[in-house]
2 protein chains.
Amino acid sequence: MEKEVTIYDIARLLKLSPATVSRALKDHPAISAGTKRLITAAAEEMGYRSNTFASNLRRQRSNTIGVIVPRLDSAFMSTVLAGMEKIVNEGNYNLIISQSLESVRKEKANVKTMFDSRIDGLLVSLSSDTDDLSHFQPFFQKEIPVILFDRVLPHPNCTSIVIDNVRAGYDAAVHLVRQGRKRMMHVSGSQKRNVYEERLRGFRQALAEHGLADDLVLVGNLTRQDGLDAARYIRQLPQPPDGLFVASDFCAASCIGALKEAGFAIPNDIAVVGFNDDPVAQVVEPRLTTIRYPGQEMGEIAAQSLISHLSGQPPVTAANTIVLNHELIVRGSSTP
Amino acid sequence: MEKEVTIYDIARLLKLSPATVSRALKDHPAISAGTKRLITAAAEEMGYRSNTFASNLRRQRSNTIGVIVPRLDSAFMSTVLAGMEKIVNEGNYNLIISQSLESVRKEKANVKTMFDSRIDGLLVSLSSDTDDLSHFQPFFQKEIPVILFDRVLPHPNCTSIVIDNVRAGYDAAVHLVRQGRKRMMHVSGSQKRNVYEERLRGFRQALAEHGLADDLVLVGNLTRQDGLDAARYIRQLPQPPDGLFVASDFCAASCIGALKEAGFAIPNDIAVVGFNDDPVAQVVEPRLTTIRYPGQEMGEIAAQSLISHLSGQPPVTAANTIVLNHELIVRGSSTP
DNA sequence: TTGTACGCGTTATCAG
DNA sequence: CTGATAACGCGTACAA
């Protein structure tokens with residue numbers, strides 16, 4: 001390993017002080033244009049690179065943002081991450097990423113690792129069995145900003161970026177009602193998570209308003225298998241539903257496949273609405289009606305607000321929750 | 001911001017030297033069990049956390065691994081990343097991730113950022129228009145290991161993790177031949193990238209061996225739109241193909257949709273084979289025959305070899321390329 | 001088994 | 001506009 005060039009080396013060569021070199025390299029206003037040119041040229045020439053470790057040590061910050069997601073291999077999360085990376089990169093931060101694999105235990109470990117790595121801020125989407133935010137206490141204590149997105153829990157110290165899941169569930173149900181459906185079913189995920197609990201709540205609210213029963217609710221993990229299981233369940237019902245709202249597209253798609261095999265016509269026998277506008281929504285037949293919600297944008301906004309928080313703005317307690325718009329995309333699975 | 005506890009604080013409290021504290025905290029053998037217990041207890045009590053910056057500065061390494069992928073929002077890449085995160089996390093490293101968005105320009109910028117962040121090693125899948133590895137020169141010079149995966153370019157200083165794409169293309173074509181298909185078409189991606197160039201090569205090789213023409217080849221970006229375009233192209237052919245191999249499942253799925261709308265029966269008129277075993281493969285109708293290749297495993301192996309390289313092993317020039325197995329998954333899109 | 005003392009490379013403060 | 005100097009917190013020869 002050859003030696004690294006330091007600002008001392010440059011200073012010595014140019015007969016200047018390390019301080020001047022340091023300032024010139026950061027484009028400090030108090031350095032004459034001439035010396036700056038001299039120094040940057042020499043730095044380039046000598047193959048200098050700033051030592052992040054030393055700089056971090058001195059400045060007490062890392063210019064790094066941490067992200068914890070439930071799963072890396074999810075279509076939705078990957079668009080969110082893409083959005084975050086874009087913004088973070090433009091803002092000259094680094095992104096360090098880890099996954100909780102839907103376990104609080106691992107989430108806690110990740111939080112600790114992030115804390116020990118001295119990230120400047122944290123972006124989190126909670127695991128499916130996280131009950132509270134006590135493991136973020138160290139961050140709160142040090143006033144390191146934590147921003148929750150999508151799967152959140154209310155907390156005075158956290159900004160949350162979400163969509164109105166109650167409303168989205170409501171919209172889905174109303175859409176089915178408008179298609180003349182009377183007997184509605186919903187397939188949902190862990191009720192500990194706002195996203196699923198709220199979608200169900202909105203669904204129920206809409207049914208109540210229309211005087212319909214809301215007794216058909218299946219709670220699972222919204223996997224492919226859960227979709228198949230839901231279809232099997234439906235097949236055995238004496239009175240199967242004619243409207244189906246599934247809180248995830250992939251699960252909805254696999255369910256549609258199984259329902260068709262079982263002889264149900266989609267949408268005639270059962271109209272289906274999914275959630276996310278996942279790529280599969282445009283591939284399954286019939287194309288899936290769904291609630292679109294902007295993953296990329298959610299990532300960008302989360303990253304953006306974290307960064308702006310980091311660069312000055314005092315704790316913006318004003319906007320503690322940012323709600324993005326969602327949109328019902330009507331396709332063939334719910335309309336003739 | 002309250003003050004951080006340092007090893008000096010602990011030392012002072014316990015009337016020991018900072019050196020002893022430092023050693024005890026790292027479980028150095030030369031420290032008595034008693035003192036160790038004392039020190040770790042005090043550290044816990046006082047809320048001490050090791051200062052990574054100082055430690056990095058001193059040790060000249062970051063315990064951080066960089067990853068550059070073409071796109072974060074890709075089903076395949078996200079499984080790879082999931083695999084990497086798993087291993088890296090277990091090995092007590094951090095993962096910093098960025099995306100090139102298929103542009104060399106951005107890839108270069110990312111490489112530079114990674115270099116300046118002093119990561120201990122780099123994992124890369126190349127952008128679609130990367131011609132050479134000259135931008136990795138700084139890493140090679142400093143002997144910082146660079147491992148390429150999936151989209152690679154041969155280089156003496158790099159280990160590559162790949163599948164045998166030639167063979168995979170060959171397998172796909174032979175499968176179509178065995179289904180009795182005579183007129184074959186292939187939809188591929190940027191020929192600068194090994195993965196696509198090699199799949200095409202294998203495809204051609206198989207056709208040649210069976211005395212079939214290989215003049216029907218479309219090169220695009222393998223997007224949804226490219227799938228639709230391919231279908232439109234096929235529709236206008238006086239003599240459409242009866243066998244179709246598409247180098248990506250998502251593109252294949254959208255193509256199948258359009259072909260069916262245009263009146264082609266799948267697989268009777270056209271048998272289709274995709275690539276990746278993407279989730280959509282199991283949703284499209286008929287289910288898509290495809291080449292499965294282990295993204296998660298590829299990520300795990302890439303991370304694993306990087307880490308083992310970092311912890312001792314001298315430049316393993318022995319295995320410069322690691323080839324993983326792929327598998328043809330036969331489904332309804334190619335067999336009656 | 002423990003302590004002393006120095007350096008890792010920056011940047012901030014203060015002085016000129 | 002530039003320079004001297006002092007931290008930042010840790011790890012490690014070397015000494016005891």
Side-chain angles (χ1 to χ4, degrees), chain A residues 1-40 42-43 46-64 92 94 115-120 142, chain B residues 1-43 46-64 92 115-120 142:
Chain A
M1 183 101 69
E2 322 98 65
K3 283 217 182 50
E4 287 278 346
V5 180
T6 75
I7 51 173
Y8 285 92
D9 301 325
I10 302 181
R12 205 173 309 123
L13 182 76
L14 263 35
K15 301 202 200 294
L16 286 168
S17 84
T20 308
V21 176
S22 171
R23 288 192 271 246
L25 258 16
K26 324 228 67 163
D27 206 20
H28 187 111
I31 302 290
S32 81
T35 357
K36 265 182 198 164
R37 232 173 297 124
L38 221 62
I39 291 177
T40 46
M46 304 169 70
Y48 167 82
R49 62 169 172 165
S50 144
N51 186 321
T52 330
F53 303 154
S55 174
N56 286 349
L57 175 58
R58 192 49 236 247
R59 297 179 310 127
Q60 310 269 41
R61 60 195 308 241
S62 60
N63 257 258
T64 296
N92 274 106
N94 284 326
F115 185 65
D116 291 342
S117 325
R118 311 212 168 199
I119 53 173
D120 295 341
K142 286 235 169 316
Chain B
M1 181 104 66
E2 322 97 65
K3 283 216 182 49
E4 286 280 344
V5 180
T6 74
I7 50 173
Y8 287 91
D9 301 325
I10 302 180
R12 204 173 309 124
L13 182 76
L14 264 37
K15 300 201 204 287
L16 286 168
S17 84
T20 308
V21 176
S22 171
R23 289 192 269 249
L25 257 17
K26 323 229 65 162
D27 207 20
H28 188 112
I31 302 292
S32 82
T35 354
K36 266 184 197 164
R37 231 172 299 125
L38 220 62
I39 291 176
T40 47
M46 306 169 71
Y48 167 80
R49 63 169 172 165
S50 145
N51 186 322
T52 331
F53 304 153
S55 172
N56 287 348
L57 176 58
R58 194 50 238 250
R59 296 179 310 127
Q60 310 268 41
R61 59 192 310 240
S62 59
N63 258 260
T64 296
N92 272 107
F115 185 65
D116 290 343
S117 325
R118 313 217 167 195
I119 55 174
D120 295 343
K142 286 236 168 316

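Model, not experiment: these values are computed from the prediction. Within every chain, numbering begins at 1; the chains are lettered A, B, ... in the order of the sequence lines, protein sequences first and strands thereafter.
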Are a donor atom and an acceptor atom from the side chains of Asn56(B) and Ser62(B) found within less than 3.5 Å of each other? no
Got a donor-acceptor contact below 3.5 angstrom from the Arg118(B) side chain to the Phe53(A) backbone? no
Rounded off to whole Å, could you give me the CD1-to-P distance for the Ile39(A) and dC1(D) pair? 13 Å
Indicate whether any N or O donor in one side chain lies under 3.5 Å from an N or O acceptor in the other, for Ser55(B) and Thr52(B). no
Quick one, Thr6(A) and Asn51(A) - any side-chain contact, counting heavy atoms below 4.5 Å? no
Residues of residues 28-37 of chain A with any non-hydrogen atom less than 4.0 angstrom from an atom of DNA chain D: list those, numerically ordered, please. Ala30(A), Ile31(A), Ser32(A), Thr35(A)
So, using salt bridge (Lys or Arg N to Asp or Glu O under 4.0 Å) as the criterion, who are the partners of Arg59(B) when residues are at least two apart? none
Heavy-atom distance under 4.5 Å between the side chains of Leu14(A) and Val21(A), does that happen here? no
Are any of the side-chain heavy atoms of Ser17(A) and Thr20(A) separated by less than 4.5 Å? yes
Just how far, in rounded Å, is P of dT2(D) from CG of Leu38(A)? 10 Å
Sequence-aligned protein contact record of nucleotides 8-16 of chain D, with B where the base is within under 4.0 Å of a protein heavy atom and S where only the sugar-phosphate is: BBBBBB---
Are Leu25(B) and Ile39(B) side-chain neighbours, meaning at least one heavy-atom pair lies under 4.5 Å? yes
When the distance from CZ of Arg61(A) to P of dT11(C) is rounded to whole Å, what number comes out? 13 Å
